[in-house]
Structures are given as structure tokens and as C-alpha cells.
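Before any comments, here is the structure.
Proteins get letters first, then strands, A, B, ... in listed order; numbering begins at 1 in each.
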Protein chains: 2
Amino acid sequence: MEENFTTKWISQLKKGTLSFLVLSILKDEKEYYGYDLINEIKKKTSIDIAEGTLYPLMNRLKKEDLVASQWVEQESGIPRKYYKITPLGLATVTEMKNYWDNLNATINLI
Amino acid sequence: MEENFTTKWISQLKKGTLSFLVLSILKDEKEYYGYDLINEIKKKTSIDIAEGTLYPLMNRLKKEDLVASQWVEQESGIPRKYYKITPLGLATVTEMKNYWDNLNATINLI
DNA sequence: ACCAAATACATTGTTATACAATGTATTTGG
DNA sequence: CCAAATACATTGTATAACAATGTATTTGGT
């Protein structure tokens with residue numbers, strides 16, 4: 001392996017930030033499908049999300065009723081599962097943002 | 001239990017932030033002991049760290065050579081294990097801070 | 001026409017970490 | 001005198017990222 005501490009740290013940091021990141025993107029009420037989200041996040045943040053991370057994450061968010069999903073057949077190609085944020089998801093991402101901003105302010109003070 | 005998503009999320013977020021927080025506090029080159037760090041962090045950030053979280057965390061940081069420790073006998077009371085950041089710890093916390101600032105900026109853009 | 005890469009979903013096993021619970025021992029305060 | 005605080009530590013449980021693997025379709029280059 002021989003991974004340095006920072007690399008492992010980034011993986012741990014994702015355990016809190018990925019759900020926040022995904023909900024933040026869905027906050028604009030547009031619909032995204034899973035594969036799309038991986039690419040959107042990579043483009044916007046340079047953060048790589050493994051497929052084995054994102055798909056279970058979306059299932060958790062759905063189970064918690066923070067997002068809703070629907071299958072959409074494509075004229076050509078594989079059907080996509082589109083996700084949309086719910087009212088509970090919107091409320092939650094607002095709470096998260098408050099906590100995050102507070103944490104960030106504290107870290108900058110230390 | 002009946003914990004809401006945000007509560008669970010905060011616990012997950014700590015998996016990335018606690019090591020960063022501890023190293024940030026130790027960055028000023030002063031020495032702190034474990035029990036002290038728990039209280040310092042609670043005072044400064046309102047974040048509660050369980051003892052069962054902090055002591056293993058400090059052991060990990062030591063194993064990675066990011067901090068050094070020494071036992072200090074007290075004239076009265078239980079001996080304390082004091083921690084001090086190492087040069088590698090300083091370099092690491094700088095890397096972490098860069099990553100964090102970048103992540104924060106990105107989140108604010110989304 | 002062929003085949004590798006990209007698209008799009010998913011599951012399994014491994015690893016890391018927060019935390020509650022529990023344990024030991026000493027000291028302080030009411 | 002005894003509960004709370006101080007100060008360390010370990011064990012078991014739950015959660016989540018990720019590599020690896022799997023299925024199936026479509027696109028692009030030669």
C-alpha cells in the first residue's frame with residue numbers, strides 16, 4: 001500500500017463530506033443520475049468518487065427520504081435512475097451547511 | 001436511538017475532522033495532554049470528543065510520527081501524557097489545511 | 001466488422017474510525 | 001465520607017469509502 005497519512009485522511013474526510021456534497025449539488029432542484037453525479041463532482045471539485053461509494057450513498061439518502069428517485073428510459077442507451085432532493089433533504093442540507101460553516105470558522109480561528 | 005440524519009452525519013464528519021482539529025491545536029507548538037485536549041476542543045469548538053475516541057486517535061498520530069509524547073509526573077495527581085507536534089505533523093497539518101480550504105471554497109461555490 | 005472504452009447500474013469484502021461501555025487509579029469538594 | 005472529576009486505556013458495534021467484480025449496452029477508432 002504505502003499510502004501517506006494525508007491520502008488516508010482524505011478518504012476519511014469524505015465520510016462526512018460526500019453526502020453533504022451530493023445534497024448541495026441536488027439543492028438546485030435539478031435532477032441528476034448517479035453516473036452523472038460522479039462526473040459532475042469530479043469536474044466541479046476534482047474529487048473522485050468510486051462507483052462503489054456513490055450508489056450505496058444514494059440508496060442511503062433515499063432510505064432516509066432525503067432524495068427521491070425515478071427510472072428514466074433512454075431512447076438509446078442504458079436506463080438512468082434520476083435523483084431529486086426532497087423537502088426533508090433541503091432542510092437537512094441547510095442544517096449541514098450551518099454546521100459546516102461554523103466548523104470552518106472555528107478552524108480558521110485556531 | 002431515534003437519531004436523525006444530521007446527528008449521524010456529524011459523527012461521520014468527525015472521522016475526517018478530528019485528526020485535523022487536534023493537529024491544528026498542537027500547531028502552536030505548545031504541549032497538551034489528552035484529557036486537556038478534550039476540554040480545549042469542547043471549549044473552543046463545542047465539539048464533544050469521547051475519551052474512547054481521543055486516546056486511540058493520539059496513538060495513531062504518534063504511530064504515524066505526527067506527534068511525540070512524554071509522560072510527566074505531577075506533584076499531585078495522576079501522571080499526564082503530554083503531546084507535541086513533530087516536523088512531519090506540521091507539514092501534514094499544512095497539507096490538510098490546504099485541502100480543507102480548497103474544499104470549503106468549492107462547497108461555497110456550489 | 002471488430003473490439004476496447006465509456007456508459008450505467010449494482011454487490012461483496014476489507015479497512016478505518018467514532019463512540020458507548022467498561023475498567024483502573026487518584027484526587028478534590030461538599 | 002463519598003460522589004464527581006481527573007487521567008489514562010481497551011473492547012465491541014456501527015458506519016462508510018473503496019477496490020474488485022459483475023451485468024449489460026453503446027460509442028468510437030481502426
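- Between B:Y33 and D:dA7, a side-chain N or O to OP1/OP2 separation shorter than 4.0 Å is present.
- If you check every strand for non-hydrogen atoms under 4.0 Å, A:G34 touches sugar and phosphate atoms only.
- In the set C:dC19, D:dA17, D:dA9, the nucleotide with an atom closest to the side chain of A:T53 is D:dA17.
- Across all strands, B:W9 comes closer than 4.0 Å to no nucleic acid atom at all (heavy-atom distances).
- At least one side-chain nitrogen or oxygen of B:K81 sits closer than 4.0 Å to the OP1 or OP2 atom of D:dA9.
- OP1 or OP2 of D:dT6 sits under 4.0 Å from a side-chain N or O of B:Y35.
- Across all strands shown, D:dT30 pairs with C:dA1; the Watson-Crick or G-U wobble distances both stay below 3.5 Å.
- Under 4.0 angstrom from either OP1 or OP2 of D:dT15 there lies no side-chain N or O belonging to A:R60.
- In terms of position on DNA chain C, the residue among A:Q74 and B:T17 whose nearest nucleotide sits closer to the 5' end is A:Q74.
- As the counterpart of D:dA16, C:dT15 is assigned, both hydrogen-bonding distances of the Watson-Crick or G-U wobble pattern falling under 3.5 Å.
- No hydrogens or angles were tested; on distance alone, a donor-acceptor pair under 3.5 Å links the side chain of B:E51 to the base of D:dC8.
- Taking 4.0 angstrom as the limit, B:Y55 places a side-chain polar atom (N or O) nearer than this to OP1 or OP2 of D:dC8.
- Distances were taken from every side-chain heavy atom of A:K15 (C-beta onward) to each of C:dC19, C:dA8, C:dA16; the shortest belongs to C:dA16.
- Look at B:K14 and you'll find a side-chain N or O under 4.0 angstrom from OP1 or OP2 of C:dC19.
- Nearest nucleotide to the B:Y83 side chain, out of D:dA9, C:dA25, C:dA10: D:dA9.
- For B:Y33 and B:Y82, the distance between ring centers is under 6.0 angstrom.
- Remark: C:dA21 base-pairs with D:dT10; criterion is Watson-Crick or G-U wobble with both hydrogen-bond distances under 3.5 Å.
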